[in-house]
Amino acid sequence: MAFQDCPHCPPPTPPEDRRSFLTKAAAIIIGGALAITAPIAGLFVFLDPLRRKSDSGGAVLVASLNALPENGEPRKFSVLATRVDAWNRSPNVPIGAVYLQRVGDKVRALNVVCPHAGCFVDYRGAKNHFFCPCHNSSFALDGQVQDPKSPSPRGLDNLVVEIRNGTEVWVKFQNFRAGTHDKIPV
Amino acid sequence: MKAFFDWADQRTGYKKLVHETLYENVPGGARWRYVWGSTLAFCFSIQVITGLALWVAYSAGSQTAWESVYYIQHEMWGGWFLRGLHHYTAQAMTVLLVFHLMQVVIDGAYKAPREINFWSGVVLLLLVLALSLTGYLLPWDQKGFWATKVATSIAAITPFIGPELQKLIVGGSDYGHHTLTRFFALHAGIIPGAMVAFIVAHIYLFRRHGLTPKEPRRRPDAAFWPDQVLRDAVACLAVLLVVVFFIIRYRGAELGAPADASEQFSAARPEWYFLFLFQLLKYFPGGTEIWGAIIIPALLMGVLVAMPFVGNWKLGHRFNVGFLWAMLAGVGLLTYLARTEDAASPEFILAVQSAERDAARVIVLAQSPDGIPTAGAVTLLRNDALTQGPKLFAKNCASCHRYDGHDGLGSQPKDKISASDLKGFASREWIAGLLDPARVDSLHYFGGSKQKTGKMVKFVKEDIAEFDAAQKAQLQKLIVGLSAEAGLKAQSAADTRDAVVIAEGRKLVSSTAMNCTDCHKFHTAGTDDPSAPDLTGYGSREWLLAFISDPSHARFYGERNDRMPAYGPDKILTAAEIGLVTDWLRGEWYEPKADPLPNLIPPPRRASPK
């Protein structure tokens with residue numbers, strides 16, 4: 001046999017040990033396969049949300065231009081659209097809200113969600129600014145961060161607005177990631 | 001690395017534990033007959049892991065349970081596999097429990113000093129069955145719903161506490177949200193928690209008394225590791241492979257149509273390993289079912305529990321083994337009888353087919369662009385013409401009419417056909433048959449009704465029969481024109497293509513040459529006091545709705561109406577129901593467009609295991 005010609009080779013393994021080694025190896029390999037099957041099957045389902053994209057649809061009709069005060073004061077409106085929630089599809093339900101305000105003959109739309117941590121910001125008429133009740137960020141009417149001490153990393157999120165047929169205010173409603181300097185759609 | 005393990009060992013003592021686990025003595029060496037306990041432990045661990053993963057996506061509630069299971073099964077990554085793994089491992093566990101019990105009894109492992117361990121095993125057996133029972137309801141499909149209703153109704157006949165017990169299990173006087181939350185808490189929390197406690201006790205006691213060797217011992221004693229471990233691992237692998245085979249074969253576990261307390265479900269059967277109990281109940285006449293449901297099963301369990309004592313008697317062990325075999329044979333026989341009775345019952349086969357049809361249909365509707373409304377998927381089938389049309393037709397129309405020769409659902413009604421067969425009503429073929437002298441007075445059209453002696457049959461049999469070739473060609477156009485009034489979905493391509501012929505045909509209906517408007521009204525043509533149904537929009541949704549609602553209306557048969565009831569004014573059917581029958585007769589229901597891109601994971605399609 002080959003290893004007898006090799007002076008440095010270890011002596012041949014006794015058959016009993018070799019059998020035992022094979023048994024152990026087989027037990028470990030099969031045991032490992034058994035152990036991972038269920039966790040892997042579960043992991044796929046657990047990770048399923050990673051492949052779900054947010055449904056950023058087109059523009060939706062939010063309000064009539066006539067509902068906006070001429071003086072540019074912001075008004076809050078619900079955004080109605082089809083909400084897809086896992087298996088449910090509900091047409092024409094509120095999926096969020098926006099502040100609309102006249103800016104000359106245009107309309108500005110701000111998402112009501114604070115870019116800091118996702119709270120719902122208030123419009124305070126007396127101070128003429130937006131204020132987040134959670135961590136005290138304040139925003140000017142155009143959405144910019146007003147107070148440099150505000151914890152919000154960026155101003156309120158501007159949304160794309162279109163005026164159709166003279167009076168219909170259509171908004172492309174989107175939510176953005178909170179806590180980042182850049183406006184990243186979710 | 002060694003330093004770390006030593007550090008950890010000093011603090012936990014894990015090496016001793018591992019050593020004790022692996023070097024447990026196996027008297028007489030490793031044997032295949034000792035694997036059953038390990039396979040059960042393996043199955044339990046699979047159930048815990050897959051159960052937790054399913055929990056991540058499951059929502060217990062009567063408008064969300066079926067829906068979330070649908071979502072797992074059809075939308076989530078590998079969800080069908082995960083559900084299948086949970087479902088078929090549960091079944092494997094029941095089978096393995098029987099093997100384990102047999103091995104323990106045959107080898108005498110239940111005798112002193114192992115009585116308590118045996119009893120803990122019996123408790124575990126009952127807990128596994130309780131898991132099966134509670135898990136069966138959670139998808140909230142028709143099968144689980146109706147089968148579990150039977151189980152909880154049986155609970156109600158328990159002496160003294162029955163009604164209260166049932167209320168506690170169901171979470172109220174009727175099935176609903178709290179039935180699901182309670183079953184879910186039992187299935188995913190309380191019972192598994194109890195099982196963990198009993199498994200710990202079971203394994204502790206097993207280790208304390210050691211394995212009961214099968215005599216004669218063939219080899220010297222050996223350690224658990226590695227020989228017995230390998231045998232256990234191979235056995236577990238075999239179990240897993242069988243489970244995976246079933247998952248792939250049936251594309252995961254079955255999901256029936258959503259539970260609907262108002263919808264008959266004659267295909268309700270318990271899970272196959274409870275079929276013997278189901279069959280047993282058939283033999284107990286009213287008032288005595290407590291024997292089949294509670295007393296006999298309790299007595300059998302009593303014998304099982306008494307085995308350690310019985311085993312001490314001279315022939316006790318033989319009795320125990322014989323009893324177990326007899327019980328298995330009885331269970332096997334009852335299961336066989338339940339199966340063969342069902343297989344020989346045309347009603348049951350039809351019910352299963354109808355259940356499978358509804359189950360497949362609701363998936364199609366759930367995947368439609370409208371998706372599932374928040375009111376739940378059960379409304380999808382309730383509002384689906386393809387599902388409800390035939391049922392309404394069978395119940396309300398088929399005592400006179402037929403649909404393709406049957407009652408809409410494939411059965412033959414008691415009464416002979418005595419009004420027209422409405423399959424393809426108002427289509428070109430259907431009208432052509434009506435205007436065919438050979439067929440107009442057949443049972444397929446007016447042969448069974450009062451109209452058989454009416455003017456229309458007379459006209460077709462006398463006048464149309466005399467038509468020359470040119471008139472016959474005109475008749476063909478007339479048929480195409482009249483049929484276009486219906487605007488049938490199935491004919492939309494043909495109607496678009498034949499626009500010119502349709503225009504000609506419509507003119508012919510109005511013309512005096514064809515005599516239609518002598519009796520009928522057609523748009524502006526015809527008499528204002530017609531003696532036959534208005535042909536304007538004949539077979540259209542609006543026309544058919546109005547007709548079914550009130551065929552005796554002056555617009556239709558007036559007082560010449562034969563026996564057809566006024567379904568609307570007489571409140572026999574609701575407007576919605578008339579709409580469903582109408583849409584079904586006109587072939588108007590949701591059909592999915594062919595998927596242009598094949599799904600990477602094949603959509604689970606299955607036939608239930610027979």
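These numbers were taken from a predicted model, which means no experiment stands behind them. Residue numbers start from 1 in every chain, and the chains themselves are labelled A, B, ... in the order their sequence lines are given, proteins ahead of strands.
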Taking every non-hydrogen pair under 4.5 Å, which of [options] racks up the most with chain A?
{"options": "B:I72, B:D227, B:T89", "answer": "B:D227"}
{"options": "B:P369, B:G79, B:A366", "answer": "B:P369"}
{"options": "B:V244, B:V56, B:V229, B:L237", "answer": "B:L237"}

So which of A:P91, A:P39, A:P49 has the biggest tally of heavy-atom pairs under 4.5 Å with chain B? A:P39

Pair B:W225-A:K24, side chain to side chain contact (heavy atoms under 4.5 Å, CB included): steps then yes or no: CA-CA 8 Å; B:W225 170 259; A:K24 287 176 182 171; 3.4 Å; yes

Heavy-atom closest contact ([X] atom, [Y] atom, distance):
{"X": "B:A233", "Y": "A:L34", "answer": "O-CD1, 3.6 Å"}
{"X": "B:E75", "Y": "A:R52", "answer": "O-NH2, 2.8 Å"}
{"X": "B:L230", "Y": "A:A26", "answer": "CD1-CB, 3.5 Å"}
{"X": "B:L85", "Y": "A:A41", "answer": "CD2-CB, 4.0 Å"}
{"X": "B:I372", "Y": "A:N88", "answer": "O-ND2, 3.0 Å"}
{"X": "B:M76", "Y": "A:D48", "answer": "CA-OD1, 3.3 Å"}

I'd like to check A:S90 versus B:P373 (side-chain heavy atoms, cut-off strictly below 4.5 Å). Are they in contact? no

[atom1] of [X]: more than 12 outside heavy atoms within 6.0 angstrom?
{"X": "A:D105", "atom1": "CG", "answer": "no"}
{"X": "B:F245", "atom1": "CZ", "answer": "no"}
{"X": "B:Y14", "atom1": "OH", "answer": "yes"}
{"X": "A:F44", "atom1": "CZ", "answer": "no"}

Check the pair B:T64, A:W87 against side chain to side chain contact (heavy atoms under 4.5 Å, CB included), reporting the backbone distance first and the verdict last. CA-CA 9 Å; B:T64 56; A:W87 54 85; 3.8 Å; yes

Once you round to the nearest 0.5 Å, how far does CG of A:D85 lie from OH of B:Y71? 8.5 Å

To the nearest 0.5 Å, what is the distance between CH2 on B:W77 and CZ on A:F46? 12.5 Å

Just checking heavy atoms, which of residues 38-55 of chain B are less than 4.5 Å from chain A?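 Result: B:F42, B:I46, B:I49, B:T50, B:A53.
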
Segment of B:S68 engaging chain A (4.5 angstrom heavy-atom cut-off):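 It is both, since atoms from each part get that close.
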
Which answer fits B:D370, side chain, backbone, both or neither, if we ask what part of it has an atom under 4.5 Å from a heavy atom of chain A?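 Only the backbone of B:D370 comes within 4.5 Å of chain A.
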
Positions in residues 177-184 of chain A that reach chain B, provided some heavy atom is under 4.5 Å away: none

Is A:T23 in contact with chain B via its backbone, its side chain, both, or neither, using a 4.5 Å heavy-atom distance? both

If I measure from the heavy atoms of chain B, does A:L47 come under 4.5 Å with its side chain, its backbone, both, or neither?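 Contact with chain B is through both the backbone and side chain of A:L47.
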
